[in-house]
Amino acid sequence: MKNTGETKKKKFKLFDMNRDGKGVDDFEDRKPTLKFFFKLYFRKFTQLLQLNLLMLLMAIPFIVMIFVFLLGQKTPTVTSMMFAPLYGIAKSGGDVGLWGALDPTVIQMEIPIFSPLVMGIIIALMVLLAVTWGWLNTGAAYVTRGLVRGDPVFIMSDFIYGIKRNLKQGFFLGLLDFIFCAVLIADFAYYYNVTGSFMADFMYFAIFALIIIYFVMRFYIYLLLITFDLKTFKILKNALIFSVLGFKRNTMAVLGILLLLAIHIALIILLLPYGISIPIVLPFVYILATFLFMSTYAAYPIIDRYMIEPYADENADNDQDTADEITE
């Protein structure tokens with residue numbers, strides 16, 4: 001029978017933030033294997049594009065700061081702390097051979113010179129990024145957890161809900177996360193430019209190792225925040241433990257992220273000399289959400305195995321015991 005009511009065809013909207021994804025078979029094998037990763041990734045790709053638009057709010061201040069750094073005025077400066085005392089001794093009439101000892105200390109690097117206005121803009125961007133860092137990561141983690149679990153996901157509303165639900169702790173945990181990241185990056189940049197002595201080389205490799213450990217810990221930090229009611233210290237402690245317990249899955253996620261980065265860098269090197277700039281723009285379309293999806297797909301099954309399933313099994317046993325008592 002023909003419907004007498006007027007119907008309208010639904011228009012396709014690529015960036016409809018509130019549209020749900022396609023349904024899946026209830027009996028589908030959802031074991032978190034590498035094969036299912038690609039199946040799920042391409043199924044949720046449109047939603048990941050939408051999420052990436054929101055995650056660009058984290059990238060914009062970085063882009064502006066990098067732009068200012070690259071185009072701003074710079075001056076060379078020596079990297080060795082021994083240059084000044086050695087130069088002073090040699091200049092005041094020290095041994096002639098001392099001038100030769102100065103050679104390893106005169107290595108220079110370019111540092112930016114900022115006007116008060118430019119410095120003020122950079123500081124304002126850093127403060128804005130620090131304040132919103134935890135909230136943006138929390139909202140993005142809430143969305144990607146839903147995508148990995150197969151929950152019905154509405155990108156914009158879920159993103160905002162994830163932030164509202166963890167507003168206070170998300171801010172303070174994000175502030176700690178931002179400080180940790182900034183300190184590790186600054187230390188790495190410093191020791192990268194002053195290597196040569198045993199202590200500097202040791203600190204360089206130590207900072208590099210800490211960066212890898214904390215990078216993997218971040219797979220879990222915001223997932224634990226949105227999934228459990230835990231103190232901040234407990235979240236960081238559990239994230240460190242899971243970075244070890246999930247070594248295999250974490251390694252696969254890190255390799256996947258590095259491989260995707262390497263592909264884009266190779267494309268930039270190969271195509272940019274021919275005036276093709278697509279490889280520079282393309283990552284901003286999808287890459288942030290893809291990285292987060294990779295890390296969530298690797299991390300959430302570990303959290304589920306060690307923190308969710310045991311609790312669910314314990315509740316099931318308690319329910320069964322209660323049922324047995326009732327029947328008796």
Side-chain angles (χ1 to χ4, degrees), residues 21 24 28-44 47-48 51 55 134 136-153 158-159 162 165-166 169-170 173-174 176-177 180-181 184 209-261 287-317:
V24 297
E28 181 181 34
D29 182 10
R30 296 184 61 84
K31 291 181 181 178
T33 61
L34 184 61
K35 179 181 179 181
F36 186 69
F37 166 81
F38 290 104
K39 185 177 182 180
L40 186 63
Y41 175 75
F42 289 113
R43 178 187 296 163
K44 304 295 185 181
Q47 291 178 297
L48 288 172
L51 176 61
M55 294 185 68
L136 294 174
N137 278 281
T138 300
Y142 191 87
V143 171
T144 50
R145 186 192 65 176
L147 295 176
V148 168
R149 294 198 308 193
D151 299 337
V153 173
D158 284 357
F159 187 87
R165 189 183 175 194
N166 304 276
Q169 191 175 19
L173 184 61
L176 280 177
D177 180 33
F180 288 162
C181 291
L184 288 173
L210 286 175
I211 288 175
I212 295 175
I213 294 171
Y214 190 69
F215 179 72
V216 176
M217 285 177 60
R218 294 191 79 256
F219 292 179
Y220 297 91
I221 288 174
Y222 292 99
L223 283 177
L224 290 169
L225 169 67
I226 64 174
T227 307
F228 304 101
D229 184 14
L230 297 172
K231 299 293 185 182
T232 299
F233 175 77
K234 277 282 189 181
I235 290 175
L236 296 174
K237 178 183 176 181
N238 288 342
L240 178 60
I241 293 171
F242 286 142
S243 67
V244 177
L245 292 177
F247 178 80
K248 183 178 178 180
R249 297 186 66 84
N250 298 336
T251 302
M252 290 296 294
V254 171
L255 291 177
I257 291 170
L258 292 177
L259 178 61
L260 190 57
L261 275 177
I287 203 165
L288 293 178
T290 297
F291 286 166
L292 184 57
F293 185 80
M294 287 181 179
S295 64
T296 304
Y297 188 84
Y300 187 76
I302 304 300
I303 295 175
D304 185 56
R305 182 191 309 169
Y306 291 103
M307 292 188 71
I308 299 177
E309 286 184 0
Y311 179 77
D313 293 341
E314 182 181 347
N315 283 348
D317 292 340

Might you point out which heavy atoms bring A289 and L48 nearest each other, and give the distance in Å?
CB-O, 3.3 Å
A side-chain contact here means heavy atoms from C-beta on lying under 4.5 Å apart; do L51 and F293 qualify?
no
First locate atom NZ of K31, then atom OG1 of T33, and finally report the distance between them rounded to the nearest 0.5 Å.
9.0 Å
Would you name the heavy atoms of M307 and L230 that are closest together and state the gap between them?
CE-CD1, 4.2 Å
Expected output: side-chain R249 to main-chain P301 donor-acceptor under 3.5 Å
no
Flag side-chain contact, heavy atom, 4.5 Å: Y297 against T144:
no
Minimum-distance pair of heavy atoms, taken over all atoms of F159 and A140
CE1-N, 3.3 Å
When you compare the side chain of F242 with that of F219, does any pair of heavy atoms fall below 4.5 Å?
no
Could you tell me the separation between the CD1 atom of I212 and the CG atom of L184, rounded to the nearest 0.5 Å?
11.5 Å
Ignoring hydrogens and angles, tell me if any N or O in the side chain of Q47 forms a donor-acceptor pair with the backbone of L147 under 3.5 Å.
no
Is there side-chain contact between N137 and R218, with heavy atoms separated by less than 4.5 Å?
yes
Is it true that Y142 and N166 share a donor-acceptor pair across their side chains at a distance under 3.5 Å?
no
Apply side chain to side chain contact (heavy atoms under 4.5 Å, CB included) to the pair F37 and M294, showing each step before the final yes or no.
CA-CA 8 Å; F37 166 81; M294 287 181 179; 3.8 Å; yes
Going by heavy atoms in the side chains, are F36 and R30 under 4.5 Å from each other?
yes
A side-chain contact here means heavy atoms from C-beta on lying under 4.5 Å apart; do I226 and R165 qualify?
no
I need the minimum non-hydrogen distance between C181 and Y214, along with the two atoms involved.
SG-CE2, 3.8 Å
Could you check whether any side-chain heavy atom of R305 comes within less than 4.5 Å of a side-chain heavy atom of L245, counting everything from C-beta outward?
no
Which atoms form the tightest heavy-atom contact between D304 and P310, and what is the distance?
O-CD, 4.1 Å
What is the ring orientation for F38 with F42, classed by angle as parallel under 30°, tilted 30 to 60°, or perpendicular over 60°?
parallel
Pair K39, R43 - check side chain to side chain contact (heavy atoms under 4.5 Å, CB included), show working.
CA-CA 6 Å; K39 185 177 182 180; R43 178 187 296 163; 3.4 Å; yes
dist T138:OG1 -> I221:CD1 (nearest 0.5 Å) comes out at 10.5 Å
Does the side chain of Y306 come within less than 4.5 Å of N238's, by heavy atoms?
no
As an exercise, state the distance from OG of S295 to OH of Y222, rounded to the nearest 0.5 Å.
12.0 Å
Checking N250 side chain against G246 main chain: does a donor-acceptor pair fall under 3.5 Å?
yes
What is the distance from atom CZ of F180 to atom CG of L173, rounded to the nearest 0.5 Å?
9.0 Å
Quiz question: by atom type and distance under 3.5 Å, do the side chains of R145 and Y300 form a donor-acceptor pair?
no
Hey, mind stepping through Y220 and I241 against side chain to side chain contact (heavy atoms under 4.5 Å, CB included) and telling me if it holds?
CA-CA 10 Å; Y220 297 91; I241 293 171; over 6 Å; no
Give, for atom CG of D177 and atom CG of L225, the distance between the pair rounded to the nearest 0.5 Å.
11.0 Å
